[in-house]
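A quick write-up on the structure given underneath.
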Amino acid sequence: MPKVAILGAGAMGSGLANALVEAGWDVNLWGTWLDDHLIDAIEEGRPHPRINVVISGKVRPFRSAGLEDALDGVDVVVVSVASQGVPKVTEMALPGIAKAKALWLTSKGFMPVDGKILLLPDGIRSIAKAADVELPPIVAIAGPVKANECAAGEPTATIFGCKSRDVAVEFARAARSEHYCIEATDDEVGVEICAPMKNVYAIMLGIADGLEEKTGKPHHNLKAATFNEAVREMSILSTALGADPATAYGLPGVGDLEVTGLSGRNKVYGVRIGRGEGAKGALQAMTELEQTVEGVPALPLAISLVEQSAPQIKDRLPLLYAARQIVEEDVPDYAAVLARAVLPPKP
Ligand SMILES: NC(=O)c1ccc[n+]([C@@H]2O[C@H](COP(=O)([O-])OP(=O)(O)OC[C@H]3O[C@@H](n4cnc5c(N)ncnc54)[C@H](O)[C@@H]3O)[C@@H](O)[C@H]2O)c1
């Protein structure tokens, strides 16, 4: 039976824990110093507070002080914390990661390292290099996965991306169950670009829904044009950074954007902006509700990534730059800014 340590007992770490139990894995679930209340619920057999699903009694929970025990003898380590926690948790777990056969990553985001914006796997590689630790292969996990449905055993399609296709296939086979079904790709870069970018674009999809609430008139055409432009831009950026252009049109791009644009914190934030709450006011309201909007910190990092690593495509990313005007500059004519970015120009 393969053994895994999942680091982060939040929604996704816990959802994956249930999926891997169903696939026959031996699962350790480690909670960070922020997760004691989540571990309490898991230990007491109560529904997980973030996803309202009971975590399998076969999952072994560990509190933050028990990291070494959680990592003992595992085949795979999964980093499943919010992107801002990835550097610290990776550093803490490096001795265990180095002994594993693979490091999986459900976290989504970009990592600034010495002023340069890196994709998460490259950020992790640079942390390991600085510590003189040799890493096992990294498997980037993405796709349209809502943690609550994954935890509850609802049908779920996901994708494992690893530079070695053989490794991606090996683990996609090993982790598959009747409900958790996994594609394999060697396009690590494409998977890792789509994962955080779709959070930014989901905000823009939410704005179209908010405009409907504000005006009483449907804005489905605008939303569909926004979806189309978002996918095109993910593909353009991925291609510029060496990825397969098709990845953005598969589970990590179209698939994840669809599910993220239906519900979730990025979309809700966009709806608030569309309703007319203002980008700053809407963010404050989300913060007061303890709702982290991952697309907001990802936006300036995405723009820096483009300007550092692919400046030649800037003009082909109007929706990304419109997001900056709306979210960071809080422009009052956000509806017009969005429409200009996504409607085709005069031929
Ligand atoms: N929820 C989903 O459906 C889903 C699906 C796929 C991927 N993801 C990704 O998985 C990651 C975790 O998301 P989630 O939904 O589980 O979030 P969550 O808010 O439920 O849990 C966040 C986890 O990160 C840890 N964390 C937060 N801030 C930290 C910090 N500063 N330092 C160290 N650890 C910190 C928390 O302790 C917790 O374990 C995110 O990057 C998210 O994009 C989520």
Side-chain angles (χ1 to χ4, degrees), residues 5-19 28-42 47-53 55 61-64 67 70 78-93 104-111 119-121 123-124 127 139-152 154 156-161 180 182 191-203 251-253 255-268 286-287 289-298 301:
I6 300 174
L7 309 184
M12 193 57 224
S14 305
L16 183 63
N18 270 6
N28 290 347
L29 178 62
W30 175 77
T32 74
W33 50 98
L34 303 169
D35 293 348
D36 280 352
H37 60 303
L38 305 176
I39 298 289
D40 288 343
I42 293 169
H48 189 291
R50 297 263 162 83
I51 50 178
N52 205 23
V53 177
I55 302 308
F62 291 81
R63 286 170 196 269
S64 58
L67 180 60
V78 187
V79 172
S80 196
V81 296
S83 55
Q84 68 272 21
V86 171
K88 182 162 181 186
V89 169
T90 303
E91 276 166 22
M92 290 169 64
W104 298 1
L105 202 54
T106 76
S107 306
K108 297 174 176 176
F110 301 109
M111 197 190 288
L119 303 182
L120 274 192
I124 288 175
I127 289 171
V139 177
I141 303 181
V145 178
K146 297 300 281 184
N148 56 335
E149 293 183 29
C150 179
E154 299 297 342
T156 297
T158 187
I159 187 162
F160 283 13
Y180 187 66
I182 309 161
V191 167
E192 282 297 327
I193 286 173
C194 291
M197 294 296 288
K198 66 100 185 64
N199 285 334
V200 175
Y201 291 126
I203 298 173
L251 292 173
D256 206 355
L257 185 62
E258 161 67 11
V259 86
T260 311
L262 285 175
S263 61
R265 295 171 271 195
N266 294 288
K267 180 243 159 89
V268 170
M286 297 293 287
T287 309
L289 293 168
E290 294 183 18
Q291 302 272 310
T292 312
V293 185
E294 280 196 305
V296 173
L301 297 177

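Because the structure is predicted, anything quoted here is derived from the model rather than measured. What's counted below: heavy atoms across the whole structure, side chains too, no hydrogens, waters or symmetry copies. All ligand and atom numbering here is 1-based and tracks the order in the structure.
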What residue and atom, counting heavy atoms only, is the protein's closest point to atom 35 (C) of ligand 1, and at what distance?
-> L34 CD1, 3.7 Å
Run down the list E294, M12, K198 and name the one with the heavy atom closest to atom 14 (P) of ligand 1.
-> M12
Please determine which of N148, I55, N52, I42 meets the side chain to side chain contact (heavy atoms under 4.5 Å, CB included) test together with P47.
-> N52
The protein heavy atom nearest to atom 41 (O) of ligand 1 is K108 N, 2.9 Å
Give the residue, atom name and distance (to 0.1 Å) of the protein heavy atom nearest atom 34 (N) of ligand 1.
-> T32 CG2, 3.8 Å
contact_flag K88 ligand 1 heavy-atom lt 4.0 Å = no
Using a 3.5 Å cut-off and no angle test, enumerate the donor-acceptor pairs between side-chain atoms of residues 28-39 and protein atoms at least two apart in sequence or in another chain.
from, atom 1, to, atom 2, distance (Å)
N28, OD1, R60, NE, 2.9
N28, OD1, R60, NH2, 3.1
N28, ND2, A70, O, 2.8
W30, NE1, R63, O, 3.2
W30, NE1, S64, O, 3.1
T32, OG1, L34, N, 3.0
D35, OD2, A9, N, 3.0
D35, OD2, T32, N, 3.1

Among all protein heavy atoms, pick out the one at the shortest distance from atom 12 (C) of ligand 1; state its residue, atom name and that distance to 0.1 Å.
-> S80 O, 3.5 Å
Please state which protein non-hydrogen atom is closest to atom 36 (C) of ligand 1 and give its distance, to 0.1 Å?
-> D35 OD1, 3.3 Å
Using modelled atom types only, decide if a donor and an acceptor are shared between the side chain of T260 and the backbone of E258 within a distance under 3.5 Å.
-> no
Qualifying residues under side chain to side chain donor-acceptor pair (under 3.5 Å), relative to S80, sequence neighbours excluded = T106
Residues K108, D256: salt bridge by 4.0 Å N-O rule = yes
Under 4.0 Å from one or more heavy atoms of A147, ligand 1 contributes atoms 1 (N), 2 (C), 3 (O)
Answer side chain, backbone, both or neither: which part of K146 comes under 4.0 Å from ligand 1, heavy atoms only.
-> backbone
Report the part of C150 (side chain from C-beta onward, or backbone N, CA, C, O) that has a heavy atom under 4.0 Å from ligand 1; answer both or neither where that applies.
-> neither
